[in-house]
Undergrad: 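Below you will find the structure I want to go over with you.
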There are 2 protein chains.
Amino acid sequence: MKSSAEQAAIEKRLKAAGVRPTAQRIALARFLLNGADHPTAEDVKKWADENFPKMSLATVYNTLALLVRAKLIKEVKLPHTSRVIYDDRVSAHYHFLDEKSGKIYDVDPSEVEVKPRLKKNASVRGVEVLLRGRWG
Amino acid sequence: MKSSAEQAAIEKRLKAAGVRPTAQRIALARFLLNGADHPTAEDVKKWADENFPKMSLATVYNTLALLVRAKLIKEVKLPHTSRVIYDDRVSAHYHFLDEKSGKIYDVDPSEVEVKPRLKKNASVRGVEVLLRGRWG
DNA sequence: ATCATATATAGAATAGTTCTAAATTTAGAA
DNA sequence: TTCTAAATTTAGAACTATTCTATATATGAT
Ligand SMILES: [Mn+2]
Ligand SMILES: [Mn+2]
Ligand SMILES: [Zn+2]
Ligand SMILES: [Zn+2]
């Protein structure tokens with residue numbers, strides 16, 4: 001995608017989500033919504049240091065929180081690390097942790113059948129699944 | 001269970017697991033293996049302050065790590081909190097988070113059918129499931 | 001241009017946990 | 001019984017990820 005057209009598309013998405021498209025937000029949204037793969041805040045800051053110098057860490061965190069509130073990205077907390085990861089796939093899905101590489105892969109809910117049959121009469125409102133193993 | 005008999009049983013379990021049964025370890029193991037319900041380190045420290053005064057926070061963390069290595073308890077990291085919880089159920093199982101009370105309930109693997117059918121040819125070595133909803 | 005508000009920034013503060021170095025306790029050996 | 005070496009406990013410092021605070025800067029409507 002051509003860079004300027006991509007930028008315009010991102011601006012549109014930000015506005016549609018009620019987020020004012022400042023230079024910092026556009027830059028981060030481009031990274032997060034195109035190409036970033038489950039980055040941590042640190043990953044995002046590292047990208048910013050290389051591609052949008054002088055952006056503060058506070059702005060990285062502020063913008064991540066803003067994009068989460070706007071439902072353009074999702075926060076994901078996984079058990080193998082204490083860092084939050086950010087996910088541009090906002091619909092419900094599961095994750096696969098490759099234990100060799102540490103990489104996270106998305107798994108469509110249709111690829112894992114999950115059927116709770118609890119003894120207890122509980123109402124299940126959500127299911128989170130993490131698969132671990134070797135992806136390749 | 002009578003207190004002294006309970007203490008003797010705990011000492012036996014510690015020894016069998018290769019853990020020297022010091023006073024601090026016996027006290028914490030009694031709490032963790034009988035009666036504690038998915039406590040955080042802070043919960044354990046609070047119990048110690050009331051039942052074994054002068055125990056340091058370092059000893060709480062040291063002992064938790066030791067009991068985990070000895071496979072008498074398990075560390076569990078769940079997404080709704082940044083605190084680790086400790087679980088005296090060491091066999092594989094799932095968890096249910098009651099969103100009203102914040103309480104964690106154990107779910108036997110037999111109560112949730114999980115069948116990964118990944119497109120990708122990956123080897124699944126473990127599955128973690130968190131159910132969220134109302135338990136009662 | 002002015003002004004009010006929104007955004008960005010640097011650095012302090014916080015939470016949970018781990019590390020460090022010193023003090024105490026313990027189990028054997030003498 | 002000491003003695004001694006190793007294990008354990010301890011207080012507090014350090015650390016990591018994140019959030020908060022206060023100030024500066026930018027925006028954009030009048
Ligand atoms: Mn994408
Ligand atoms: Mn129990
Ligand atoms: Zn994902
Ligand atoms: Zn459990």
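A note on names: the letters A, B, ... follow the listed sequences, proteins ahead of strands, and every chain is numbered from 1.
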Undergrad: Roughly how many Å is it from CG in A/Leu14 to P in C/dT7, rounded to a whole number?
TA: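 A/Leu14 atom CG is separated from C/dT7 atom P by 12 Å.
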Undergrad: If two hydrophobic side chains count as joined below 4.5 Å and joins carry through other members, does B/Val19 share a cluster with B/Met55?
TA: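 The answer is yes; both residues are in one hydrophobic cluster.
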Undergrad: Mind calculating the distance between CG (B/Asp43) and P (C/dT17) to the nearest angstrom?
TA: 11 Å
Undergrad: When hydrophobic residues are tied together by side-chain contacts of less than 4.5 Å, even through go-betweens, does A/Leu66 share a cluster with A/Ile10?
TA: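 Yes; A/Ile10 is reachable from A/Leu66 via cluster members.
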Undergrad: Indicate, with yes or no, if B/Val107 and B/Leu97 share a hydrophobic cluster defined by side-chain heavy-atom contacts under 4.5 Å among Ile, Leu, Val, Met, Phe, Trp and Tyr.
TA: no
Undergrad: D/dT16 P sits how many Å from A/His80 NE2, rounded?
TA: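 Distance check: A/His80 NE2 to D/dT16 P gives 18 Å.
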Undergrad: State whether the number of non-hydrogen atoms from other residues, nucleotides or ligands found under 6.0 Å of A/Arg125 atom CZ is greater than 12.
TA: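 No, CZ of A/Arg125 has 12 or fewer neighbouring heavy atoms, counting only those of other groups under 6.0 Å.
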Undergrad: Just the rounded figure in Å: distance from P of D/dT16 to NZ of A/Lys77.
TA: 20 Å
Undergrad: If you compare every side-chain N and O of A/Tyr61 against the phosphate oxygens of D/dT19 (OP1, OP2), does one of them come in below 4.0 Å?
TA: no
Undergrad: In the single-linkage hydrophobic clustering (I, L, V, M, F, W, Y; side-chain heavy atoms under 4.5 Å), do A/Val127 and B/Val114 co-cluster?
TA: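 Both belong to a single hydrophobic cluster.
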Undergrad: With a 3.5 Å limit on both atom pairs, tell me what D/dG28 is paired to, counting Watson-Crick and G-U wobble, or say none.
TA: C/dC3
Undergrad: Once you round it to whole Å, what is the distance between P of C/dT7 and CG of A/Leu64?
TA: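 Result: 16 Å.
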Undergrad: Return a single string for nucleotides 5-11 of chain D, one symbol per nucleotide in 5' to 3' order, where B is base contact, S is sugar-phosphate-only contact and - is none, cutoff 4.0 angstrom on heavy atoms.
TA: --SSBBB
Undergrad: Ignoring hydrogens and angles, tell me if any N or O in the side chain of B/Asp43 forms a donor-acceptor pair with the backbone of B/Thr40 under 3.5 Å.
TA: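 Here the side-chain-to-backbone pair exists.
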